Amino acid sequence: ILPLIMSLDEDCRKYAALAIANLSTETGTHEKLNHEDVVRHLVPILQSEEVQEVIIYVMNALGNFATSSLMWPALQQLGTVKAAATFVDQVDREEILINALFLLANLTGDPFQRALMMKDGLYKVVWQHMTENRNIHVMQNSLALLRGLAVEAEAQEILPR
């Protein structure tokens with residue numbers, strides 16, 4: 001699947017990303033996919049891909065991978081928080097925003113990533129999405145992200161009760 005996700009053909013990339021997203025839903029596949037170094041191929045796609053469906057599927061897969069602590073080192077090393085945060089701040093399509101929030105919410109399980117999000121002040125933008133956006137999925141994923149950040153002592157002082 002990995003060679004297909006780097007194809008010049010848009011449909012090929014889209015369906016390869018969808019396949020990886022589907023495989024990522026089963027935690028039993030995470031060890032094998034980690035061994036194949038799949039995250040190293042996926043994170044750069046967030047910074048270079050133009051096909052929105054590919055971005056959505058890749059963020060969904062990375063969000064699923066973020067639930068496995070064995071994937072955390074690769075996600076940290078590749079700057080996944082920064083890559084996903086750009087979509088939270090500058091996105092026109094709500095489905096991309098929803099998947100970026102999903103990815104970041106799941107990354108809050110990793111103390112390193114959680115501290116990085118607090119340091120970068122990501123909660124400010126996310127709070128706006130939760131309070132100003134009327135899409136229930138945006139609000140739900142924003143709340144999940146803020147709830148994950150609330151583990152940090154700093155967040156407990158900053159976030160409204």
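Given the structure is predicted, the values throughout are model-derived calculations rather than measurements. Numbering starts at 1 and runs along the sequence shown.
Linking ILVMFWY side-chain heavy atoms closer than 4.5 Å, directly or via other members, places Leu62 and Met6 in a single hydrophobic cluster. No path of Ile, Leu, Val, Met, Phe, Trp and Tyr side chains, each step under 4.5 Å between heavy atoms, connects Leu4 with Tyr57, placing them in separate hydrophobic clusters. Phe65 and Val81 fall within a single hydrophobic cluster, where Ile, Leu, Val, Met, Phe, Trp and Tyr are joined by side-chain heavy atoms under 4.5 Å apart, directly or via other members. Each of Phe112 and Val151 belongs to its own hydrophobic cluster when Ile, Leu, Val, Met, Phe, Trp and Tyr are linked at side-chain heavy-atom distances under 4.5 angstrom. Hydrophobic clustering (side-chain heavy atoms under 4.5 Å, transitive across Ile, Leu, Val, Met, Phe, Trp, Tyr) groups Met117 together with Leu143.
Here the straight-line distance linking atom CD of Glu36 with atom CD1 of Ile20 works out to 10.5 Å at 0.5 Å rounding. Atom CD of Glu53 sits about 7.5 Å away from atom CD of Glu95, to the nearest 0.5 Å. To the nearest 0.5 Å, the span separating CG on Leu78 from CD on Gln47 amounts to 9.0 Å. Distance CG/Leu42 to CD1/Ile5: 5.0 Å, rounded to 0.5 Å. The distance from atom CD of Glu152 to atom OH of Tyr123, rounded to the nearest 0.5 Å, is 12.0 Å. Note that NE2 of His35 is 11.0 Å distant from CG of Leu33, once rounded to the nearest 0.5 Å.
Nearest heavy atoms, Leu149 versus Met118: CB-SD, 4.0 Å. The two residues Ile96 and Ile56 make their nearest non-hydrogen contact at CG1-CG1, 3.6 Å. Across Val39 and Pro44, no two heavy atoms sit closer than the pair O-CD, 4.3 Å. The shortest heavy-atom contact between Val88 and Leu122 is CG1-CD1, 4.4 Å. Summarising the geometry of Gln76 relative to Asp110, their closest heavy-atom pair is NE2-OD2, 2.7 Å, with the distance given to 0.1 Å. Here the closest non-hydrogen pair linking Ala84 and Ala100 is O-CB, 3.9 Å.
For Pro111, the side chain to side chain contact (heavy atoms under 4.5 Å, CB included) criterion is met by Trp72, Arg114, not counting sequence neighbours.
Taking a 6.0 Å sphere around NE2 of His137, one finds it holds 12 or fewer heavy atoms contributed by other residues, nucleotides or ligands. More than 12 heavy atoms of other residues, nucleotides or ligands sit less than 6.0 Å from atom CD of Glu132.
In this structure, Leu101 and Ile98 have side chains that are not in contact, with every pair of non-hydrogen atoms separated by 4.5 Å or more. Within the 4.5 Å cutoff, side-chain heavy atoms of Trp127 are placed close to those of Leu146. With a 4.5 Å cut-off on side-chain heavy atoms, His129 and Asn141 do not count as touching. A 4.5 Å side-chain heavy-atom check between Phe87 and Leu103 finds every atom pair outside the cut-off. Between Ile55 and Met59, the closest side-chain pair of non-hydrogen atoms falls below 4.5 Å.
Not a single donor-acceptor pair under 3.5 Å links the side chain of Gln113 to the backbone N or O of Thr108. No donor-acceptor pair closer than 3.5 Å links the side chain of Asn106 to the backbone N or O of Ala66. Between the side chain of Asp9 and the main chain of Asp11, a donor-acceptor pair closer than 3.5 Å is present.
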Go through the steps for Asn135 and Leu97 under the test side chain to side chain contact (heavy atoms under 4.5 Å, CB included), then give the verdict.
CA-CA 11 Å; Asn135 181 310; Leu97 175 59; over 6 Å; no
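Listed by first and then second residue, the side-chain hydrogen bond (donor to acceptor under 3.5 Å, both in side chains) pairs that reach into residues 22-31 are Ser24-Asn64, His30-Ser68, sequence neighbours excluded.
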